[in-house]
Amino acid sequence: MAARADGASAPFLPRIARVRSRRRETHDTWSLALDAAGMAGEPGQFNMLYAFGIGEIPVSVSSDAAATGPLVHTIRAVGAVSEALAALRPGAALGLRGPFGTTWPLAEAAGGDLVIVAGGLGLAPLRGAIRRALAERGRYGRIAVLYGTRSPADILYRSEVERWRRLDVEVAVTVDHADQRWHGNVGVVTKLIGRAGFAAAHATAFVCGPEIMMRFTASALEAAGIAPARIHLSLERNMKCAVGQCGRCQFGGSLICRDGAVMRYDRVRPLLTIREL
Amino acid sequence: MAEREAEHSDDAAVINRAGVAALLQALVDSGHHLVGPTVRDGAIIYTDITGLTDLPQGWTDRQAGGSYRLERRGDAALFGYAATPQSWKRFLHLPTVRLWRAERTDDGFAISEAPEPARKIALIAARACDLQAIAIQDRVLQGGRYPDPGYAARRRDIFVVAVNCGSAGGTCFCVSMQTGPRVRSGFDLALTELIDGDRHEFLVEVGSPGGAALLAQLPRRRAGGDDVAAAAAVVARTAAAMGRAMPRPADVPALLRRNLEHPRWEAVADRCLSCANCTMVCPTCFCTSVEDTISLDGRTAERVQRWDSCFTMDFSHVHGGSVRASPRSRYRQWMTHKLSTWWEQFGTSGCVGCGRCITWCPVGIDITEEVAAIAASDGAGGARGTP
Ligand SMILES: Cc1cc2nc3c(=O)[nH]c(=O)nc-3n(C[C@H](O)[C@H](O)[C@H](O)COP(=O)(O)OP(=O)(O)OC[C@H]3O[C@@H](n4cnc5c(N)ncnc54)[C@H](O)[C@@H]3O)c2cc1C
Ligand code: SF4
Ligand code: SF4
């Protein structure tokens, strides 16, 4: 049987991709640009990346499939697999399955303001969406990128974030712990929401970060007037198969690999307050 | 195998013990591996069998919360027992399966599938709840966008000889779940064992063209009205003797959705050992993990998929710890999945009422009793969760 493009006939079988280039983002985070022959993924989706003999993990797409240029994944080295992947050199082979999951609903957001809120590594899954929005800048009203991170040294895509400022985007960055050279905001990312300029009635929000940050952010966005159905979060759970069969990514009645990772706030809100779900 | 519903129809026949022996032999002759019930190590288990003499003739089981015992029957019934410790799951959704192998090459590595050839198997004496459980696993493992090719291959060629239950187990509750004791679909031939004094016969109903063709080869007689009535009486007697019931099953999904913070979860967690027995014996539990290994010389690697359980800490591990660190949250995950969220995920219940989880729980936790306790104080602890 010929393999369908999305791997539906051999869903567990990775295909081989190769590292084209590698770039250090922070002390523990690297971006890999991949040669992945036709395998890409829309902003919001993720791929399963396999390091030979070590294991496989879900990693979000950080590039914009509509632009020319390679598939990019940004990986924080936190454990065995992510360390092995982040250490891959140009030319090295890795396994790739995907893309899986839902996308950031950019089409729905068109015509109104776009508010993007990222916490820490949460900027990685949003980068493709920001790039797409900038490529079609005229389709949106105001675009705000609100980004909170641990310290100035943890700012991802530093020069690119600066470039966004020059492309008619309101960029605000805040850190938990400032150093001597930091003159910007200090504190949680929700504090930036009140100061951002957007017309809530027609705004759409994309939020990604630690679950607790997303809970507070979504509720602050709602308080600021954005309808819960227009607030989108990217959720995270342990994941082994990515095709709805290992049962690990359950979040109540949803399978995050299939019904997410990007999900509507109004649908998941009641579950976000349940501990250990 | 056809999905058509069986009626006590014209093509029903009656066979005797010799007919059952002939049926098993005919399946072997047509290239099937027989998998069926036999007595081993103090239990009736499903395993490879060779023919009639392997069947658990004259045996039954006595099941209760946390207990299972074999006993002699006063007759020579071949199928006079209830749910087996393990279900058919281990023949279709294998406990361990190698997904692929990878080999180092000059410029990286290559991955190849190494599928194990699917055996053509005949399931002997599958019960109504068993067949419903297979239908549920079909939905999960091959009903979505990415069917599991290994499962689909093993599943495709099975021949099913079903049995309508002649006695209810002490922990069964299929009647309340509307899954039994009479088989309705998903079989090729269905037997009802008729024992009365010296009489020992089997009503055979046909569920597929393949079943009809096989039946035509057996020594048999056409079923009469009393044979059909006798079979109906067997099923009715079993239904009436059911040990347990799920309270108001149609209301359970919503009941659990609004009681995610009910104090009963804490109470059950005090008893639950997180041993995972319930998930291993459950015929619908499908969760798996994968293991990646590498050879000593570093040249070959492989990935193996194994059954896993939501009762382990590793199951919900994300960087920084387990999402479900407390036994309370793990039991809640298991039970709400079976009875509530499974509907949202796959459009069906995840429980067929076979009672295995009750029998094989070392401390006798009873899913029907837990539901009843929550229903009795609906909303205690604040009705949190999705309405
Ligand atoms: C939809 C999705 C998108 C993600 N996108 C990114 C990304 O763009 N960049 C990035 O650096 N990380 C991302 N992650 C998190 C990343 O998958 C984990 O950091 C990674 O699995 C850790 O694996 P490890 O073996 O290095 O660490 P360990 O902590 O040793 O993990 C062991 C195993 O647990 C599981 N696991 C651990 N943490 C997670 C987690 N957070 N989510 C899911 N499974 C986990 C994996 O199966 C992993 O192999 C994403 C996770 C999900 C679910
Ligand atoms: S939850 Fe218990 S009773 Fe229901 S199908 Fe699973 S083992 Fe059987
Ligand atoms: S409910 Fe019973 S069988 Fe299931 S994990 Fe707890 S102690 Fe084990």
Side-chain angles (χ1 to χ4, degrees), chain A residues 1 4 6-18 50-57 76 78-82 91-95 100 210-211 236-255 257-259 267-271 273-277, chain B residues 99-100 102 104-105 107-113 140-141 144-150 257 260-261 285-290 292-295 298 300-301 303 305 308 310 314-320 322-326 328-330 332-333 336-337 340-345 384-387:
Chain A
M1 202 189 327
R4 254 168 61 183
D6 64 357
S9 66
F12 302 126
L13 203 62
R15 286 165 293 171
I16 304 294
R18 222 166 266 286
Y50 167 71
F52 183 83
I54 305 197
E56 187 188 53
I57 57 169
R76 174 171 285 168
V78 295
V81 183
S82 52
L94 67 159
F100 300 113
E211 198 162 303
E236 196 177 35
R237 280 292 180 273
N238 187 301
M239 219 174 257
K240 293 290 179 195
C241 77
V243 292
Q245 291 174 15
C246 74
R248 288 176 164 244
C249 69
Q250 291 176 62
F251 184 68
S254 302
L255 299 171
C257 72
R258 180 189 77 182
D259 310 318
R267 297 201 175 129
V268 296
R269 177 171 47 187
L271 298 179
T273 53
I274 307 285
R275 278 185 48 229
E276 297 194 309
L277 194 78
Chain B
L99 295 178
W100 46 257
R104 281 261 179 235
T105 58
D107 64 344
F109 61 94
I111 296 182
S112 57
E113 267 179 302
V140 175
L141 299 173
R145 179 166 173 206
Y146 302 99
D148 172 348
R257 269 203 305 279
L260 293 173
E261 305 283 18
C285 275
F286 60 85
C287 293
T288 51
S289 186
V290 288
D292 288 286
T293 54
I294 187 162
S295 61
T300 55
R303 173 167 302 161
Q305 182 191 65
D308 197 7
C310 55
D314 180 63
F315 190 80
S316 64
H317 171 86
V318 290
H319 174 63
S322 289
V323 173
R324 298 183 203 105
S326 70
R328 167 187 183 271
S329 66
R330 297 200 291 275
R332 180 180 67 187
Q333 164 61 29
T336 54
H337 190 213
S340 180
T341 51
W342 207 295
W343 283 101
E344 293 159 72
Q345 294 168 7
R384 298 263 295 287
T386 334

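Note on naming: letters A, B, ... go to the chains in the order of the sequence lines (proteins, then strands), and numbering restarts at 1 for each one. Please read these numbers as outputs of a predicted model, since none were measured by experiment.
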Look at B:Glu113, B:Arg330, B:His319 and state which one has the largest set of heavy-atom pairs under 4.5 Å with chain A. B:His319
About how many Å separate OG of B:Ser329 and CD1 of A:Ile274, when rounded to the nearest 0.5 Å? 12.0 Å
Interatomic distance, OG1@B:Thr341 vs CZ@B:Arg257, rounded to 0.5 Å, equals 9.5 Å
Which class fits the ring pair A:Tyr50 and B:Phe109: parallel under 30°, tilted 30 to 60°, perpendicular over 60°? perpendicular
Honestly, the part of A:Glu211 sitting under 4.5 Å from a heavy atom of chain B is neither
Is any side-chain heavy atom of A:Cys249 less than 4.5 Å from a side-chain heavy atom of A:Cys241? no
Shorter than 4.5 Å, heavy atoms on both sides: which option in A:Gln245, A:Lys240, A:Arg237, A:Arg258 has the most such pairs with chain B? A:Gln245
With a 4.0 Å cut-off on N to O distance, would you call A:Asp259 and A:Arg267 a salt bridge? no
Side chain, backbone, both or neither: which part of A:Ile16 has an atom under 4.5 Å from a heavy atom of chain B? side chain
Answer yes when B:Arg303 and A:Glu56 have at least one side-chain N-carboxylate O distance shorter than 4.0 Å, and no when they do not. yes
By a 4.5 Å heavy-atom criterion (distance strictly below it), what part of A:Arg269 contacts chain B: side chain, backbone, both, or neither? neither
Against chain A, label B:Asp308 side chain, backbone, both or neither, depending on which of its atoms sit under 4.5 Å from a heavy atom there. side chain
Below 4.5 Å, heavy atoms only, C-beta onward: do B:Val140 and B:Trp342 meet side chain to side chain? yes
Please identify, among B:Thr105, B:Leu141, B:Thr293, the residue contributing the most non-hydrogen atom pairs under 4.5 Å to chain A. B:Leu141
Go through the atoms of A:Leu94 and report whether side chain, backbone, both or neither lie under 4.5 Å from a heavy atom of chain B. backbone
Between chain A and each of B:Ala102, B:Ser289, B:Ala325, B:Ser340, count heavy-atom pairs under 4.5 Å; write down the option with the most. B:Ser289
Among B:Asp314, B:Leu99, B:Val290, which residue forms the greatest number of heavy-atom pairs with chain A at distances under 4.5 Å? B:Asp314
Do you know which of A:Gly244, A:Gly253, A:Ala93, A:Gly247 has the most heavy-atom pairs with chain B at a distance under 4.5 angstrom? A:Gly253
Would B:Arg324 and B:Phe315 count as a cation-pi pair here, with the cationic atom under 6.0 angstrom from the ring centre and within 45° of the axis? no
Top residue by heavy-atom pair count (under 4.5 Å) with chain A, among B:Val318, B:Ile111, B:Thr336? B:Ile111
If we define contacts as heavy-atom pairs under 4.5 Å, which of B:Gly298, B:Gly144, B:Ala301 has the most with chain A? B:Ala301
Would you indicate whether the side-chain heavy atoms of B:Arg104 and B:Thr300 approach each other to under 4.5 Å? no
Do A:Leu271 and B:Leu260 touch side chain to side chain, with heavy atoms closer than 4.5 Å? yes
Contact part of B:His317 toward chain A, heavy-atom cut-off under 4.5 Å: side chain, backbone, both or neither? both
Where does B:Gln345 contact chain A at under 4.5 Å (heavy atoms): side chain, backbone, both or neither? both
